Amino acid sequence: MKIAAWNVNSLRVRLPHVLDWLAREQPDVLALQETKTENANFPVAAVAGAGYRSVYSGQKTYNGVAVLSRSDMLDPVTDIEGLDDPQRRILAVTVDGVRIVDLYVPNGSEVGSDKYAYKLDWLAKVGAWLEAELARHPRLVVLGDFNIAPEDRDVHDPEAWRDKILCSGPERAAFRAWLDLGLRDTFRQFEQPEKSFSWWDYRMNGFKRNLGLRIDHILASGGLECLSCRVDTGPRGLERPSDHAPVVAELRVGAE
DNA sequence: ATGGTAGGTTTCCTA
């Protein structure tokens, strides 16, 4: 299964990039974040024209997640017990026996802010749900925009970002706690170029100067073998790009 | 400490 995660920062604006990328990369599954599209306006027909089915959980203006797949998607879940959240950030589906959890983790704005407290609470509650989801589904993928750079090597300037949002100790601890549930960061299973990132600020020529962070991730459970994982920086260099690049992994059902 | 850019039922909010 070739699977990818991409924060598109408005699917309406990015639809041409997404359709071109699907045609070129031919993934089995593409998980989108920040679609910023109400369900009634989701571009189902354009996506179907590219050979993909759509499942989505959207809202006006902010957030929004969707999964595009060549195969049927079963048992969609958009809300979890104990998290009464109107923000559309979670979408789980099952494709070919693999449980796929598409997440748009809250940004958190600033360490110490109300949004930061919401982020940490969200991470704890979703983590508890993932633990149960892992017990139900030995073949589990958790992917999307985590808004967490797990380690200093995931940050272009670790000292400037020290204890800042996306890099703070509690955020990194929450990420590690998710790994400790039995998930692997597939990107780090392979040798990677130095300064590999998945997001670059639109400001200050961030992409051209590679002033990025690696905050988009594909985590896989022990029931899945990962054959490769990379960031495709190509779309970030296009005209009118998303500020994120797609992360792509090849998974195979393992022995477990 | 500030600002730069992008998207959105836009004159601020979010990232």
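Naming convention: chains lettered A, B, ... in sequence-line order (proteins, then strands); numbering from 1 in each chain. Keep in mind that this is a model prediction, so the values were computed, not measured.
- Ring pair A:H244/A:W199 is tilted by interplanar angle, where 30° to 60° counts as tilted.
- Contacts with DNA chain B (heavy atom under 4.0 Å) in residues 59-68 of chain A: A:K60, A:T61, A:Y62, listed by number.
- Within residues 101-119 of chain A, the residues that have a heavy atom under 4.0 Å from DNA chain B are, in order of number, A:Y104, A:N107, A:K115.
- Comparing B:dT10 with B:dA15, their C1' atoms sit 15 Å apart, to the nearest whole Å.
- Applying the side chain to side chain contact (heavy atoms under 4.5 Å, CB included) rule to A:D121 yields the partners A:K125; only residues at least two apart in sequence or on another chain are considered.
- Residue A:R89 holds its CZ atom at 13.0 Å from CG of A:D79, rounded to the nearest 0.5 Å.
- In this structure a side-chain-to-backbone donor-acceptor pair under 3.5 Å is missing from A:R214 to A:S198.
- Heavy-atom distances under 4.0 Å link DNA chain B to no residue of residues 146-157 of chain A.
- A:R162 is linked by a side chain to side chain donor-acceptor pair (under 3.5 Å) to A:D152, A:E159, counting only residues two or more places apart in sequence or in another chain.
- Where A:E38 and A:W199 each meet DNA chain B at their nearest nucleotide, the meeting point lying more 5' is that of A:E38.
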> After noting the C-alpha distance and the side-chain angles of A:Q189 and A:T186, does the key distance pass the side chain to side chain donor-acceptor pair (under 3.5 Å) rule?
Replying inline: CA-CA 5 Å; A:Q189 291 188 268; A:T186 60; 5.3 Å; no
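- Boundaries of the chain A contact region on DNA chain B are B:dG4 to B:dA15, first to last in 5' to 3' order (nucleotide atom under 4.0 Å from a heavy atom).
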>> Show, in sequence, the C-alpha distance, side-chain angles and deciding distance for A:R188 and A:D154, and conclude whether the salt bridge (Lys or Arg N to Asp or Glu O under 4.0 Å) test is met.
In response: CA-CA 11 Å; A:R188 290 302 180 200; A:D154 300 311; 2.6 Å; yes
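- Interatomic distance, CD1 of A:I100 versus CD1 of A:I218, reported as 10.5 Å (0.5 Å rounding).
- Considering only residues two or more places apart in sequence or on other chains, A:Y202 meets the side chain to side chain contact (heavy atoms under 4.5 Å, CB included) condition with A:N9, A:R14, A:R236, A:D243.
- When heavy atoms are screened at a 4.0 angstrom cut-off, A:R209 is found touching no nucleic acid atom at all.
- Evaluation of the side chain to side chain contact (heavy atoms under 4.5 Å, CB included) rule for A:R70 yields A:Q26, A:D28, A:Y52 as partners, not counting sequence neighbours.
- Of the residues in residues 11-18 of chain A, those placing a heavy atom less than 4.0 Å from an atom of DNA chain B are A:R12, A:V13, A:R14, in numerical order.
- Atom CZ of A:F146 sits about 13.5 Å away from atom OH of A:Y104, to the nearest 0.5 Å.
- A:N205 pairs by the side chain to side chain donor-acceptor pair (under 3.5 Å) definition with nothing, not counting sequence neighbours.
- With P as the reference atom, B:dT11 and B:dA1 are 29 Å apart, rounded to whole Å.
- Annotation for A:L227: hydrophobic cluster partners, listed by chain and number, are none (ILVMFWY side-chain heavy atoms under 4.5 Å, direct or chained).
- Evaluation of the side chain to side chain donor-acceptor pair (under 3.5 Å) rule for A:R209 yields no partner, not counting sequence neighbours.
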> Going through the checks in order, is the salt bridge (Lys or Arg N to Asp or Glu O under 4.0 Å) test met by A:R252 and A:E225?
Replying inline: CA-CA 5 Å; A:R252 196 163 67 184; A:E225 183 185 0; 3.1 Å; yes
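- The C1' atoms of B:dT9 and B:dC13 are separated by 14 Å, rounded to the nearest whole Å.
- In this structure, the side chains of A:R230 and A:V247 stay at 4.5 Å or more apart for every pair of heavy atoms.
- For the P atoms, the distance linking B:dG3 with B:dC12 amounts to 16 Å, nearest Å.
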